[in-house]
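Just so you know, ligand 1 is whichever comes first in the structure, and atom 1 is the first atom listed for that ligand. Remember, it's a predicted structure, so these values are computed and weren't measured experimentally.
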Amino acid sequence: MNQDCIFCRIVSGQIPAKTVYEDDRLIAFHDVSPQAPVHVLLIPRAHISTLLETTDDDASLLGELQHRAVEIARALGLDKTGFRLVTNCLEDAGQSVFHIHLHLLGGRKFSWPPG
Ligand code: 5GP
Ligand code: ZN
C-alpha cells in the first residue's frame, strides 16, 4: 500500500470506484475518464509502479490480468465486435498513474498505429 498512489487508495476503499470484478489479487473498475464506450482498468492489489518493476515472480499475475480482461470483455459483449488491451509504460507511452494497469477498451473502432 502506497498512500501517495491513487490506485492503492482505490484498492483500500479510500477512493470509490465502479468495480466490475475483484478477487484476492486483482480489481477491475471503470476508468473515471473513459476514452471509449467501454473503458475498464485492471490492476493488481499489490503496488507495482511500472511494467519495468515486474519480475519472474509476477509472470502469473500478468497472465491473470490479461486473462481476466478477456473474461470481462466477453461479459460486456465485446467478443462480438472486438477490443483493445493496452498498458502504458513511462513517459513516451503516456503513463500517468504509476501503479500498473491494463486498459480494456471497446465499443468503437480504434485506429492503428496508435497516436
Ligand atoms: P495511464 O495514463 O497511466 O495509462 O492511465 C491512467 C488511467 O487512470 C487514465 O485513463 C485515467 O483516466 C485513470 N484514472 C486516474 N485517476 C483515476 C481515478 O481516481 N479513478 C478512476 N476510476 N480512474 C482514474
Ligand atoms: Zn499503488
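When side chains are defined from C-beta on, Ile48 counts as touching Leu61, because their heavy atoms get closer than 4.5 Å. In this structure, Ile43 and Leu26 have side chains that are not in contact, with every pair of non-hydrogen atoms separated by 4.5 Å or more. Between Phe98 and Asn2 there is no side-chain heavy-atom pair separated by less than 4.5 Å. Taking the side chain as every heavy atom from C-beta outward, Leu105 and Asp31 never approach each other to under 4.5 Å.
Within the 4.0 Å heavy-atom cutoff, Gly94 counts among the residues contacting ligand 1. In this structure, Thr87 does not count as a contact residue of ligand 1, since none of its heavy atoms falls inside 4.0 Å of the ligand. Heavy-atom separations between Gln35 and ligand 1 are all 4.0 Å or longer.
Seen from the Zn ion (ligand 2), atom SG on Cys8 and atom ND1 on His99 lie at an angle near 110° (rounded to 10 degrees). Geometry note: the Zn ion (ligand 2) is the vertex, Cys5 SG and His47 ND1 are the arms, and the angle is 110° (rounded to 10 degrees).
The atoms of ligand 1 that sit less than 4.0 Å from any heavy atom of Ser33 are 12 (O). Listed by number with element, the atoms of ligand 1 under 4.0 angstrom from any heavy atom of Leu41 are 8 (O), 13 (C), 23 (N). For ligand 1, the atoms closer than 4.0 angstrom to any heavy atom of Gln95 are 3 (O). The ligand atoms of ligand 1 that sit less than 4.0 angstrom from a heavy atom of Ile10 are 20 (N). Residue-ligand proximity, Asn88 to ligand 1, at heavy-atom distances under 4.0 Å covers atoms 4 (O). Close approach to Phe29 involves these atoms of ligand 1, each under 4.0 Å from a residue heavy atom: 21 (C), 22 (N).
The closest donor-acceptor contact from the side chain of Ser49 to the backbone of His99 lies at 3.5 Å or more, if one exists at all. Checking side-chain atoms of Gln35 against main-chain N and O of Ser33 turns up a donor-acceptor pair under 3.5 Å. A distance-only check finds no donor-acceptor pair linking the side chain of Arg84 to the backbone of His103 [under 3.5 Å]. Between the side chain of Gln95 and the backbone N or O of Val97, at least one donor-acceptor pair lies under 3.5 Å.
For atom 3 (O) of ligand 1, the closest non-hydrogen atom of the protein is Ser96 N, 2.7 Å. In terms of protein heavy-atom proximity, atom 19 (O) of ligand 1 is nearest to Ile6 CG2, 3.6 Å. At the shortest separation from atom 10 (O) of ligand 1 among protein heavy atoms lies Asp31 OD2, 2.5 Å. What sits closest to atom 15 (C) of ligand 1 on the protein, heavy atoms only, is Val97 CG2, 4.0 Å. Considering only non-hydrogen protein atoms, atom 22 (N) of ligand 1 sits nearest to His30 O, 3.0 Å. For atom 24 (C) of ligand 1, the nearest protein heavy atom (residue, atom name, distance) is Val32 CG1, 3.4 Å. Counting only heavy atoms of the protein, atom 5 (O) of ligand 1 lies nearest to His101 NE2, 2.9 Å. With respect to atom 8 (O) of ligand 1, the closest heavy atom belonging to the protein is Phe7 CZ, 3.4 Å.
Closest approach of Pro37 and Gly107 over heavy atoms only: CG-O, 3.4 Å.
Contact annotation: for Val86 versus ligand 1, there are no heavy atoms closer than 4.0 Å. Contacts between Lys18 and ligand 1, counted as non-hydrogen atom pairs separated by less than 4.0 Å, are absent for every part of the residue.
Cluster annotation: Leu102 and Leu78 are assigned to the same hydrophobic cluster (Ile/Leu/Val/Met/Phe/Trp/Tyr, side-chain heavy-atom contacts under 4.5 Å, transitive).
Few gaps surround CG on Asp23; more than 12 heavy atoms of other groups in view lie less than 6.0 Å from it.
Note: His67 NE2 to Ser60 OG = 12.5 Å, rounded to the nearest 0.5 Å.
A salt bridge links Arg74 and Glu71; the closest N-O separation between the charged side-chain nitrogens and carboxylate oxygens is under 4.0 Å.
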